[in-house]
A.B. asks: 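Dumping the structure here so I can ask a few things about it.
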Amino acid sequence: MLLITGCRLNEILTLKWTEVDLDNQYLRLSDSKTGKKMIYLSSMAVDFLKNIPLKKENPYVICGGKENSHLINLQKFWTKIRTKIGLEDVRLHDLRHTFASIAASKGLSLPIIGALLGHKQTQTTARYAHLIGQPLLDASQKISEHIMKNN
């Protein structure tokens, strides 16, 4: 969910079913780092959420071990995953950066990426949306072709 939504870890860990609208494909977070926030969901994210078992006695999407609680910490689990796939230095928050970088590499504008991430300032988004080399090479090629055709 972190990778395919660009959400912050705490936004997913504290997500309540009352904040999930699968029919309209969004999450309406009542509280996040930047206050109230809408998160638009891809069809993959909707499918993922549909496959999480609903526990009637627990309001949280990602249930914790205690009654009426959410999962608190993923670090031990994340460390096992990273080790198994050979990504020792990848933090959970890096998944948010990856979401933004892929969006930028697909040509989405910084304001659109910022809206998806819930950023209020484009400068914040620019730090997240590291461009992958291929789009930059493609852009350079297009510019060069244009120059050469017109000279």
Side-chain angles (χ1 to χ4, degrees), residues 1-140:
M1 280 298 290
L2 298 174
L3 184 59
I4 62 175
T5 63
C7 286
R8 293 178 180 93
L9 176 60
N10 205 46
E11 292 170 344
I12 294 299
L13 290 180
T14 61
L15 180 64
K16 295 180 179 177
W17 284 111
T18 55
E19 299 172 311
V20 177
D21 185 336
L22 296 177
D23 292 332
N24 294 303
Q25 291 187 242
Y26 64 78
L27 307 176
R28 186 182 300 274
L29 303 183
S30 56
D31 188 31
S32 73
K33 183 178 174 183
T34 56
K36 291 182 179 183
K37 178 178 172 182
M38 293 271 296
I39 296 176
Y40 295 89
L41 301 171
S42 66
S43 58
M44 286 73 65
V46 169
D47 289 344
F48 183 83
L49 286 165
K50 283 181 178 177
N51 286 299
I52 295 177
L54 176 66
K55 292 187 177 181
K56 297 237 186 257
E57 70 282 355
N58 195 323
Y60 294 99
V61 174
I62 311 294
C63 298
K66 295 181 182 175
E67 189 175 326
N68 290 323
S69 69
H70 60 81
L71 189 63
I72 301 295
N73 191 344
L74 284 180
Q75 291 308 322
K76 189 184 286 187
F77 179 68
W78 181 241
T79 300
K80 286 180 185 179
I81 290 172
R82 284 188 347 219
T83 302
K84 187 170 186 163
I85 62 175
L87 296 174
E88 299 289 331
D89 61 343
V90 176
R91 303 166 301 145
L92 280 166
H93 193 70
D94 292 334
L95 301 177
R96 183 169 163 85
H97 286 259
T98 300
F99 178 87
S101 294
I102 291 170
S105 75
K106 296 297 180 187
L108 297 173
S109 68
L110 287 180
I112 292 291
I113 298 167
L116 290 169
L117 295 174
H119 290 159
K120 297 195 186 309
Q121 297 186 10
T122 306
Q123 299 93 316
T124 305
T125 307
R127 290 196 314 259
Y128 276 70
H130 314 289
L131 289 174
I132 299 170
Q134 192 59 49
L136 297 175
L137 288 172
D138 292 345
S140 178

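All values below come from the heavy atoms of this structure, side chains included, with hydrogens, waters and symmetry mates left out. Each residue takes its place number in the sequence, starting with 1. Since the structure is predicted, the reported quantities are computational estimates derived from the model, not experimental observations.
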A.B. asks: What pair of heavy atoms forms the shortest contact from I113 to L108, and how long is it?
C.D. replies: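 Closest approach of I113 to L108, heavy atoms only: CD1-O, 3.5 Å.
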
A.B. asks: State, with a plain yes or no, whether a side-chain heavy atom of L49 is found less than 4.5 Å away from one of M1.
C.D. replies: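 A side-chain contact exists here, since the closest heavy-atom pair is under 4.5 Å.
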
A.B. asks: Could you go through residues 87-95 and list every donor-acceptor pair under 3.5 Å that involves a side-chain atom there, pairing it with any protein atom two or more places apart or in another chain?
C.D. replies:
{"residue": "R91", "atom": "NE", "partner": "D94", "partner atom": "OD1", "Å": "3.2"}
{"residue": "R91", "atom": "NH2", "partner": "D94", "partner atom": "OD1", "Å": "2.6"}
{"residue": "H93", "atom": "NE2", "partner": "Y128", "partner atom": "OH", "Å": "2.9"}
{"residue": "D94", "atom": "OD2", "partner": "R91", "partner atom": "N", "Å": "2.7"}

A.B. asks: Check L71 against L74 and note the closest heavy-atom contact, atom names and distance.
C.D. replies: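 Heavy-atom minimum between the residues: CD2-CD2, 3.3 Å.
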
A.B. asks: According to side-chain contact (heavy atoms from CB on, under 4.5 Å), who are the partners of N24, at least two apart in sequence or on a separate chain?
C.D. replies: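 Only D21, Y26 meet the side-chain contact (heavy atoms from CB on, under 4.5 Å) criterion with N24.
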
A.B. asks: According to the side chain to side chain donor-acceptor pair (under 3.5 Å) rule, which pairs have a member within residues 37-65, sequence neighbours left out?
C.D. replies: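 Found E11-K37.
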
A.B. asks: Give, for atom CG of L9 and atom CD of Q75, the distance between the pair rounded to the nearest 0.5 Å.
C.D. replies: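 So the gap between those two atoms works out to 7.0 Å.
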
A.B. asks: Can you give me the closest heavy-atom contact between A45 and T5, atom names plus distance?
C.D. replies: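 The pair with the smallest heavy-atom distance is CB-CG2, 4.2 Å.
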
A.B. asks: Please enumerate all residues that pass side-chain contact (heavy atoms from CB on, under 4.5 Å) together with T79, with sequence neighbours excluded.
C.D. replies: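 T79: side-chain contact (heavy atoms from CB on, under 4.5 Å) contacts with R82, T83.
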
A.B. asks: Any donor-acceptor pair under 3.5 Å linking the side chain of Q25 with the backbone of V46?
C.D. replies: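 A pair under 3.5 Å: no.
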
A.B. asks: Taking R96 for its side chain and G6 for its backbone only, find out whether a donor-acceptor pair lies under 3.5 Å.
C.D. replies: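 Confirmed, R96 side chain pairs with G6 backbone.
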
A.B. asks: So how far is it from E19 CD to R28 CZ, rounded to the nearest 0.5 Å?
C.D. replies: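 Taking CD in E19 and CZ in R28, the distance rounds to 10.5 Å.
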
A.B. asks: For S69, check side-chain contact (heavy atoms from CB on, under 4.5 Å) against everything at least two apart and list the hits.
C.D. replies: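 With neighbours one apart ignored, the set is K66.
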
A.B. asks: Side chain of S105, backbone of I102: donor and acceptor closer than 3.5 Å?
C.D. replies: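 Yes, S105 side chain to I102 backbone: donor-acceptor pair under 3.5 Å.
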
A.B. asks: The criterion is side-chain hydrogen bond (donor to acceptor under 3.5 Å, both in side chains); which residues satisfy it with H70, sequence neighbours excluded?
C.D. replies: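 H70 satisfies side-chain hydrogen bond (donor to acceptor under 3.5 Å, both in side chains) with no residue once adjacent residues are dropped.
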
A.B. asks: Taking all heavy atoms of T125 and all of L110, pick out the closest pair and write down the distance.
C.D. replies: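 What the structure gives for the nearest pair is CG2-O, 3.6 Å.
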
A.B. asks: Look up atom SG in C7 and atom CG in L13, then write down how far apart they are to the nearest 0.5 Å.
C.D. replies: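 If we round to the nearest 0.5 Å, C7:SG and L13:CG are 10.5 Å apart.
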
A.B. asks: What is the distance from atom CZ of R8 to atom CG of L2, rounded to the nearest 0.5 Å?
C.D. replies: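 That separation rounds to 12.0 Å.
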
A.B. asks: I'd like to check L117 versus F99 (side-chain heavy atoms, cut-off strictly below 4.5 Å). Are they in contact?
C.D. replies: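 With C-beta onward as the side chain, the pair touches.
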
A.B. asks: Side chains of I62 and L15: does their closest heavy-atom pair fall under 4.5 Å?
C.D. replies: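 They are not in side-chain contact.
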
